[in-house]
Structure formats: structure tokens, C-alpha cells
There are 2 protein chains.
Amino acid sequence: MSDKHESLERASGKSVGLGDHAYTVLKEKLIRGSFRPGEKLTVRRVAQEFGLSSTPARDALNRLAIEHALVYAGPKTVIVPNLTLSQLREVTEMRLALEGLAAEKGATAISSDMIPALETIQNRINAALDRQAYAEALWANKEFHFFFYERSNMPILVATIEQLWLRIGATFNDLYPAFAISRSGVSNHCAAIEGLRHGDPHEVRAAIETDIRNGYRQLRHVLSERFLEK
Amino acid sequence: MSDKHESLERASGKSVGLGDHAYTVLKEKLIRGSFRPGEKLTVRRVAQEFGLSSTPARDALNRLAIEHALVYAGPKTVIVPNLTLSQLREVTEMRLALEGLAAEKGATAISSDMIPALETIQNRINAALDRQAYAEALWANKEFHFFFYERSNMPILVATIEQLWLRIGATFNDLYPAFAISRSGVSNHCAAIEGLRHGDPHEVRAAIETDIRNGYRQLRHVLSERFLEK
DNA sequence: TTTTCGATTTTGACGCAACAAAAAAATCGA
DNA sequence: TCGATTTTTTTGTTGCGTCAAAATCGAAAA
């Protein structure tokens with residue numbers, strides 16, 4: 001993945017700077033849920049951790065903040081975002097529109113001989129769930145979704161979707177383990193594969209949309225409970 | 001508009017830095033088409049132009065590049081983006097999904113007593129077209145669209161749509177004056193207002209979508225001609 | 001005339017230090 | 001013990017010099 005990222009950078013013409021490494025690592029940690037929502041990240045800490053001076057470290061944090069992978073809590077403090085209910089709802093509606101489109105486009109470009117690869121990913125999700133390795137299940141789940149999206153031949157769309165996942169990533173990882181991932185996602189994924197077999201992009205789109213909606217309902221449930229606690 | 005931007009910054013907690021002014025001005029110039037696609041922007045030029053040192057100037061350019069308002073042409077050169085046909089198509093499909101959603105949501109929040117304000121904007125578009133002041137017509141056209149979007153109560157969605165407009169802004173401004181804006185957009189806008197009168201968000205959405213599609217066809221036409229020239 | 005190669009100039013990235021502002025800690029008073 | 005206020009520390013931003021790399025221009029060769 002990081003190599004793909006680099007090649008993307010190169011394609012866009014940007015040479016690899018020192019801070020890019022910090023950016024990549026931080027971004028991956030954010031998606032994987034290595035940071036807790038609300039955690040503060042400072043320039044000097046990043047600089048020391050990666051052995052850089054302040055300029056490239058600040059660049060990395062700035063970039064993440066601009067992409068909303070981090071947010072400003074005060075004039076001088078960037079933290080890992082903590083989604084509100086209304087933000088979660090909004091992101092979900094955008095995901096339905098964007099990922100529905102990407103799934104449908106991607107489905108038209110996926111031939112039947114690529115289905116085994118998808119099933120392999122799904123098996124990894126199931127295995128991870130059995131081991132209660134939720135972080136890994138979430139990661140494989142991302143791979144499953146983007147297997148469709150990345151074949152849509154719409155790089156801008158994929159990048160935009162990735163930004164949405166980045167926004168909700170930390171909260172997602174923080175919330176799900178507590179509640180455990182329901183198996184409802186499994187049947188939606190199977191329905192998507194089934195749609196692929198039928199050569200019906202609409203069916204794939206509907207399955208992915210249902211998957212997003214189901215995930216939303218669970219997340220909303222956990223999130224609203226947590227709000228009540230406070 | 002710039003005040004609204006500032007308040008947005010403040011709401012998100014970020015204190016105003018020196019480079020923010022350069023960022024805001026550059027961004028507005030980009031949307032208004034003051035730069036030609038392909039034009040190169042350098043750190044030192046921006047620094048001198050705004051009376052800053054290189055660091056905040058570089059920050060401003062970096063931010064614009066991250067938001068894709070500028071793109072990398074080489075490892076050390078950022079330029080005003082020049083859309084390809086496939087990028088235009090992709091952005092259009094995303095606009096249909098996102099702005100369709102925003103228009104529908106916004107329409108449900110617009111009461112009938114706000115229709116006159118919309119008609120005022122439409123009149124400004126017509127007047128600008130009569131005077132062949134295309135840049136101004138384009139600007140008013142943006143206001144018309146975002147009149148709906150901004151009332152959707154979905155700030156993340158609106159920001160994402162704005163980024164898409166920023167991507168195509170320079171090319172848009174560069175292409176349209178040559179061809180003149182067709183009046184087809186006018187009828188679509190009227191249809192949107194009509195939908196508002198009927199209290200039918202779906203009708204509004206359909207009208208906006210048709211407007212986007214019409215604009216796309218014209219832009220594609222001009223753009224493909226220009227490709228042949230080269 | 002076109003292309004290729006090399007020298008010159010320009011440019012962005014980075015490190016570092018100084019500064020101002022915000023956050024955190026400690027102190028004091030009730 | 002709690003809250004407000006002052007002191008201390010931490011932190012982001014900025015300015016500027018340096019350096020390596022890329023872009024540009026020109027000359028020479030095909």
C-alpha cells in the first residue's frame with residue numbers, strides 16, 4: 001500500500017520529502033486506530049519520534065489537518081477527531097452517494113475470475129472475527145470495499161472516499177471492539193459477490209449501500225450510548 | 001465570503017496565521033479565474049507579492065496543492081490545474097451524486113419566502129450574460145447553486161463540493177468566455193425554483209442535475225476541440 | 001533545423017533559533 | 001478542599017541561511 005501511495009505521489013509529480021514518511025506512518029496509524037480519539041499530537045513530539053526537524057514534522061501534521069484526518073481542538077492543538085452523531089450521519093450520507101457510485105462502476109470492471117480474490121479477503125474477515133481480532137477485521141473490511149472502488153477507474157472519487165474513511169477511522173476503531181462486529185456485514189458482502197456473479201452492478205451497489213447503512217446503525221447506537229454516559 | 005471563511009476557521013479552532021491571507025486571496029483568484037490553467041506559482045513569488053517570508057508562503061501553496069486547487073507539474077513546480085477530459089467526466093459524476101444530494105436536502109430547508117432572494121441571483125446571472133460579463137455570470141451561478149447547498153445543514157458535504165468546484169474552476173473560467181454561456185442553464189434554474197414552489201425536493205434535485213449535465217456537455221465540447229488543436 | 005548535452009540560475013526543502021501565545025502547573029486565598 | 005490567579009513550561013509560527021535538486025537557457029553537434 002505504501003508503495004502504491006508513493007507511485008501515486010510520483011505520478012502527481014511531487015518528489016518525496018522527509019516529512020512524507022511521517023505523514024504516511026501517521027496516516028496508517030490513524031486508519032488502523034492506533035490513536036485514541038481526542039489524543040493530542042504535537043510538532044515536537046512527531047519531530048523527535050521520526051528524527052526530523054520541526055519543519056517537515058509540522059508539514060506532516062498540517063497536511064493531515066487539512067485532510068481532516070486531524071482536527072483543531074484549540075488555536076494551537078491538533079487532536080485525533082472524535083465524531084459527533086451529526087457528523088457521523090453526514091459522512092454516512094456522503095458515503096452512500098460516493099461509495100454507491102464507486103461500487104457500481106467498479107463492479108462493471110470486475111471479471112468473474114477475480115471473485116476468488118474477493119472471497120479470500122472475506123475469509124480473512126471471518127477468520128479475524130473468529131479470533132476477535134477486530135482491528136484486523138476492520139482492516140480487511142476496508143480492503144474488501146476498496147477492491148470494488150479502486151477498479152472504478154475514478155481516482156479522484158477513490159481519494160475522496162478515502163478521506164471520508166480517514167475522518168471516521170479513529171472513532172470507528174475505538175467504538176467497534178467494545179461492541180464486537182456483528183456478522184450482518186458478512187451477508188452483505190456475500191450479496192455483493194453474488195451480484196458480481198450475476199453480472200449485475202446494481203445488485204452490487206445495493207449490497208454495499210446496505211452494508212454501509214447497517215454499519216451506521218450499529219455505530220450510531222454505540223455512539224449515542226457513549227454520549228449518555230458523559 | 002471571506003468573513004464566512006474566517007469564522008469557519010475560528011470555529012474549527014485554528015488561529016489565523018500570516019499565510020492564511022495569502023491562501024484566501026489565492027483561492028479566490030483561482031475560483032474567479034484570474035490565473036490561466038498551467039500557470040506556475042512559486043514560493044518566492046508569493047512571498048514577495050504578499051510581503052511574507054518563505055515559510056508562510058510555502059504553507060499557503062502547500063495547502064492549495066493538498067486541496068487540489070493547485071497540482072504538481074514536476075517535483076518542484078506547482079501549477080494551476082488543467083483538466084483532462086477524463087478528469088472532467090469524473091468530477092461531473094461526483095458532482096451529480098454530491099450536489100444532487102445537497103440540492104435535495106437544501107430544498108427541504110428553503111421556505112417559499114426565500115424564493116425572491118434566489119430570483120435576485122438569477123436576475124444577476126441574466127444581466128451579466130446580457131453584458132457578456134461571463135466571469136461575473138459564473139460567479140453568480142456559483143451563488144445560485146450554493147444557495148441550495150449551504151442550506152442542507154451538511155457542512156462536510158458543502159466543503160467537499162467546494163473542493164470539486166475549485167478543481168474545475170480555472171478550466172471553467174478559461175473555457176467558457178470563448179464559447180459564451182448558453183442560456184440553457186437559465187431554464188434549469190427556473191425549473192429548480194419551480195420545484196421549490198411545489199415543495200418538491202426531488203424536482204429541485206432533478207433540475208440541478210440536469211443543469212450539471214448540460215454544463216458538462218458544453219464544457220466537454222469545447223475541451224475536446226481544444227485537444228484537437230494541439 | 002533539430003536535438004542533445006552542459007552550465008547557470010532558480011527553486012523548494014530543511015534546520016535552527018527566536019518569539020509570542022497558549023496550556024499546564026503551582027500558588028494563594030476563601 | 002476547591003477555585004481563581006499567577007507563574008512556568010510547552011508549543012506553533014515565522015524568518016532566514018544553506019543545500020541539493022530541478023528547471024532553464026544556450027551552445028555545440030548531428
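Every heavy atom of this structure was used, including side-chain atoms; hydrogens, water molecules and symmetry mates were not. Convention: sequence-line order gives letters A, B, ...; per-chain numbering from 1. All values derive from a computational prediction rather than experimental measurement.
- Remark: A/Lys27 does not engage A/Glu67 in a salt bridge, criterion side-chain N to carboxylate O under 4.0 Å.
- Nearest to the side-chain atoms of B/Pro56 among the listed nucleotides D/dA23, C/dC16, D/dT14 stands D/dT14.
- In B/Arg45, the CZ atom is crowded: over 12 heavy atoms of neighbouring residues, nucleotides or ligands sit closer than 6.0 Å.
- Phosphate proximity of C/dA24 to A/Lys40: present, with a side-chain N or O under 4.0 Å from OP1 or OP2.
- Nucleotide C/dC14 holds its C1' atom 10 Å from the CG atom of A/Leu52, rounded to whole Å.
- Counting to the nearest Å, the C1' atom of C/dC14 and the CZ atom of B/Arg44 are 13 Å from each other.
- The listed nucleotides are D/dG15, D/dA23, C/dA22; the one nearest the side chain of B/Ser53 is D/dG15.
- Distance CD (B/Gln48) to P (C/dT10): 13 Å, rounded to an integer number of Å.
- Straight-line distance from the CG atom of B/Leu41 to the P atom of C/dT11: 12 Å, rounded to whole Å.
- The NE2-C1' distance, from A/His21 to C/dC14, rounds to 17 Å in whole Å.
- Under the 4.5 Å side-chain criterion, counting only non-hydrogen atoms from C-beta, A/Val25 is not in contact with A/Glu28.
- Base pairing analysis places C/dG29 opposite D/dC2; the two distances defining the Watson-Crick or G-U wobble pair are each below 3.5 Å.
- Residue-level contact check: B/Thr55 touches the bases, meaning some heavy atom is under 4.0 Å from a base atom.
- Using the six-membered ring where Trp is involved, B/His189 and B/Phe144 have ring planes that are parallel, under 30° apart on the 30 and 60° scheme.
- Distance, A/Arg63 CZ to C/dA13 P: 11 Å, rounded to whole Å.
- Comparing atom distances between the B/Leu18 side chain and each of D/dA23, D/dG15, C/dA23 picks out D/dG15 as nearest.
- Salt bridge B/Lys29/B/Glu39: absent, no basic N to carboxylate O contact under 4.0 Å.
- Taking only side-chain atoms of B/Lys76, from C-beta outward, the nucleotide of C/dC14, D/dA23, C/dT11 with the closest atom is C/dT11.
- Protein atom CD1 of A/Ile79 is 16 Å distant from nucleotide atom C1' of D/dG12, rounded to whole Å.
- Taking atom OH of A/Tyr72 as the reference point, atom P of C/dA23 lies 14 Å away to the nearest angstrom.
- Residue B/Arg58 has a polar side-chain atom (N or O) positioned under 4.0 Å from OP1 or OP2 of C/dA13.
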